[in-house]
Amino acid sequence: MCGKDGKLVEMKALILVGGYGTRLRPLTLSRPKPLVEFANKPMLLHQMEALVEAGVTQVVLAVSYHAEEMERELKEQASRLGARLVFSHETEPLGTAGPLALARDILSSETNEPFFVLNSDIICDFPFKELYSFHKSHGKEGTIVVTRVEEPSKYGVVVYQSDGCIQNFIEKPQEFVSNKINAGMYILNPSVLKRIQVRPTSIEKEVFPYMAQEGQLYAMELQGFWMDVGQPKDFLTGMSFYLTSLRHKLPSELYAGPGTVGNVLVDTTARIGSDCRIGPNVTIGPGVVIEDGVCIKRSTILSGAVVRSHAWLDQCIIGWRSVVGRWVRMENTTVLGEDVIVKDELYINGGQVLPHKSIATSVPDPQIIM
């Protein structure tokens with residue numbers, strides 16, 4: 001990214017990756033949430049690639065758990081992208097603002113360049129270049145990305161003027177005031193760090209309202225899709241949005257083999273048998289084996305899994321190295337953890353199965369299987 005004088009400036013970003021990822025269990029019992037593959041690459045990698053494309057050269061991961069595993073997996077990816085990965089370790093959970101204060105020395109810069117902040121489970125057409133330009137154009141302390149939702153009463157909404165200047169935030173409004181919500185992506189000037197202490201703090205409730213009162217906070221509306229993919233149902237919805245976006249931007253990346261219906265993403269090392277019906281909105285990971293006569297729709301099959309012949313899957317996430325038996329039917333946001341075996345001819349309706357289990361009887365009602 002170039003500054004006003006034409007010189008290259010170092011752009012930084014902080015990604016909030018703290019937390020146990022409890023909403024995405026049983027997958028997060030085996031891998032930290034940011035490393036769970038979304039559309040065949042770790043969730044966090046989607047964000048890192050978009051940040052680097054926008055000119056970010058240093059990515060700070062604010063972590064409290066699983067730091068070693070993330071460091072091992074992501075350091076190599078970061079150097080491949082040409083970015084430096086820095087870890088900021090929390091000894092206690094610090095909320096959504098505390099981690100910024102903890103990383104104050106890393107985020108501050110002599111050039112006073114703004115830095116990006118984002119939540120780790122957001123998937124969208126990341127607008128970082130547009131966000132940087134808009135932020136520079138109004139010259140205030142911060143800009144947050146907002147997205148339009150159908151049911152604003154479930155969220156905290158953002159009320160702002162036509163130029164983007166935020167007036168206030170209203171939590172779960174019962175009467176319509178706005179349908180724009182905070183999308184979990186920001187660009188902030190280093191001066192914002194003076195507003196935050198190293199203690200558990202919410203940036204949404206304890207920092208942004210004061211910035212808005214002072215006229216220092218602006219909103220930029222996101223174009224295109226947006227999803228918080230931190231829980232299984234939303235993960236699958238987000239995958240549908242992502243594959244639709246991929247169809248528009250890079251259609252050559254989608255799978256077009258026999259029996260494909262709609263948007264399907266298949267790793268080149270996966271094997272698909274004959275007479276299958278795959279799609280719409282399916283992702284099949286590395287080393288997956290799909291036997292003959294299988295029907296899969298609106299589902300993700302993670303690496304090394306096997307789906308035996310004539311199984312039928314709708315709205316499922318199949319964990320790493322799991323095996324789905326012959327003539328099995330699974331639906332209604334069923335999630336298999338890592339290394340789960342489902343015996344032949346069973347019906348699973350909304351089951352959440354913990355890792356390393358073997359299922360020998362049908363599960364007619366949604367439940368967690370320990």
Could you see if [X] belongs to whatever hydrophobic cluster contains [Y]? Use Ile, Leu, Val, Met, Phe, Trp, Tyr and a side-chain cutoff under 4.5 Å.
{"X": "Val307", "Y": "Tyr255", "result": "yes"}
{"X": "Leu27", "Y": "Met330", "result": "no"}
{"X": "Val324", "Y": "Leu302", "result": "no"}
{"X": "Tyr186", "Y": "Ile196", "result": "yes"}
{"X": "Leu265", "Y": "Phe241", "result": "yes"}

Rounded to the nearest 0.5 Å, how far does [atom2] of [Y] lie from [atom1] of [X]?
{"X": "Leu81", "Y": "Leu74", "atom1": "CG", "atom2": "CG", "value": "10.0 Å"}
{"X": "Thr57", "Y": "Lys12", "atom1": "OG1", "atom2": "NZ", "value": "8.0 Å"}
{"X": "Tyr160", "Y": "Ile144", "atom1": "OH", "atom2": "CD1", "value": "9.0 Å"}
{"X": "His135", "Y": "Ile187", "atom1": "NE2", "atom2": "CD1", "value": "5.0 Å"}
{"X": "Ile296", "Y": "Cys276", "atom1": "CD1", "atom2": "SG", "value": "7.0 Å"}
{"X": "Ile348", "Y": "Arg329", "atom1": "CD1", "atom2": "CZ", "value": "12.5 Å"}

Over all heavy atoms of both residues, which pair between [X] and [Y] is shortest? Give the atoms and the distance, please.
{"X": "Asn40", "Y": "Val266", "result": "ND2-C, 4.3 Å"}
{"X": "Gly257", "Y": "Thr260", "result": "O-OG1, 2.6 Å"}
{"X": "Thr269", "Y": "Gly287", "result": "OG1-N, 2.9 Å"}
{"X": "Gly279", "Y": "Val264", "result": "CA-CG2, 3.7 Å"}
{"X": "Ala78", "Y": "Leu85", "result": "CB-CB, 3.9 Å"}
{"X": "Leu100", "Y": "Leu107", "result": "O-CD1, 3.9 Å"}

Does the [X] side chain pair with the main chain of [Y], one donor and one acceptor, at a distance under 3.5 Å?
{"X": "Ser309", "Y": "Asp292", "answer": "no"}
{"X": "Asn349", "Y": "Pro364", "answer": "yes"}
{"X": "Thr28", "Y": "Lys33", "answer": "no"}
{"X": "Ser362", "Y": "Leu346", "answer": "no"}
{"X": "Arg247", "Y": "Leu254", "answer": "no"}
{"X": "Thr334", "Y": "Asn332", "answer": "no"}
{"X": "Gln352", "Y": "Thr333", "answer": "yes"}
{"X": "Ser88", "Y": "Ala62", "answer": "no"}

Close side-chain approach of [X] and [Y], heavy atoms under 4.5 Å:
{"X": "Arg25", "Y": "Ile368", "result": "no"}
{"X": "Pro355", "Y": "Asp339", "result": "no"}
{"X": "Lys136", "Y": "Pro114", "result": "yes"}
{"X": "Glu204", "Y": "Phe169", "result": "no"}
{"X": "Val261", "Y": "Ile278", "result": "no"}
{"X": "Cys124", "Y": "Thr147", "result": "no"}
{"X": "Asp344", "Y": "Trp327", "result": "no"}
{"X": "Leu193", "Y": "Phe115", "result": "yes"}

Please identify each residue that fulfils side chain to side chain donor-acceptor pair (under 3.5 Å) with Glu345, with sequence neighbours left out. none
Checking Val146 against Ile166 for the side-chain contact (heavy atoms from CB on, under 4.5 Å) test, could you report, in this order, the C-alpha distance in whole Å, the side-chain angles of both residues, the deciding distance, and whether it holds? CA-CA 11 Å; Val146 296; Ile166 293 175; 5.7 Å; no
Do Ile15 and Leu51 pass the side-chain contact (heavy atoms from CB on, under 4.5 Å) test, and can you show the C-alpha distance, the side-chain angles, and the key distance before you say yes or no? CA-CA 10 Å; Ile15 305 177; Leu51 286 165; 4.0 Å; yes
Under 3.5 Å donor-acceptor pairs involving side-chain atoms of residues 210-220, not counting sequence neighbours:
residue, atom, partner, partner atom, Å
Glu214, OE1, Arg195, NH2, 2.7
Glu214, OE2, Arg195, NH1, 3.4
Gln216, OE1, Glu141, N, 3.0

For atom CD of Glu151, decide whether the heavy atoms of other residues, nucleotides or ligands shown that lie under 6.0 angstrom number more than 12. no
Give a yes or no on whether Lys41 atom NZ has more than 12 heavy-atom contacts from other residues, nucleotides or ligands under 6.0 Å away. yes
If we check ring pair (Phe, Tyr, Trp, His ring centres under 6.0 Å) with Tyr242, which of these qualifies: Phe38, Trp226, Phe235? Phe38
Basic-acidic side-chain contact under 4.0 Å: Arg148, Glu221: yes
Decide whether Ser191 and Asn189 meet the rule of one side-chain donor and one side-chain acceptor closer than 3.5 Å. no
Given side-chain contact (heavy atoms from CB on, under 4.5 Å), test Tyr132 with Thr143 step by step and report yes or no. CA-CA 9 Å; Tyr132 181 88; Thr143 307; over 6 Å; no
With side-chain contact (heavy atoms from CB on, under 4.5 Å) as the test, would you mind laying out the steps for Thr283 and Glu37 before giving the verdict? CA-CA 10 Å; Thr283 301; Glu37 295 91 337; over 6 Å; no
Classify the ring geometry of His138 against Phe134: parallel below 30°, tilted from 30° to 60°, perpendicular beyond 60°. perpendicular
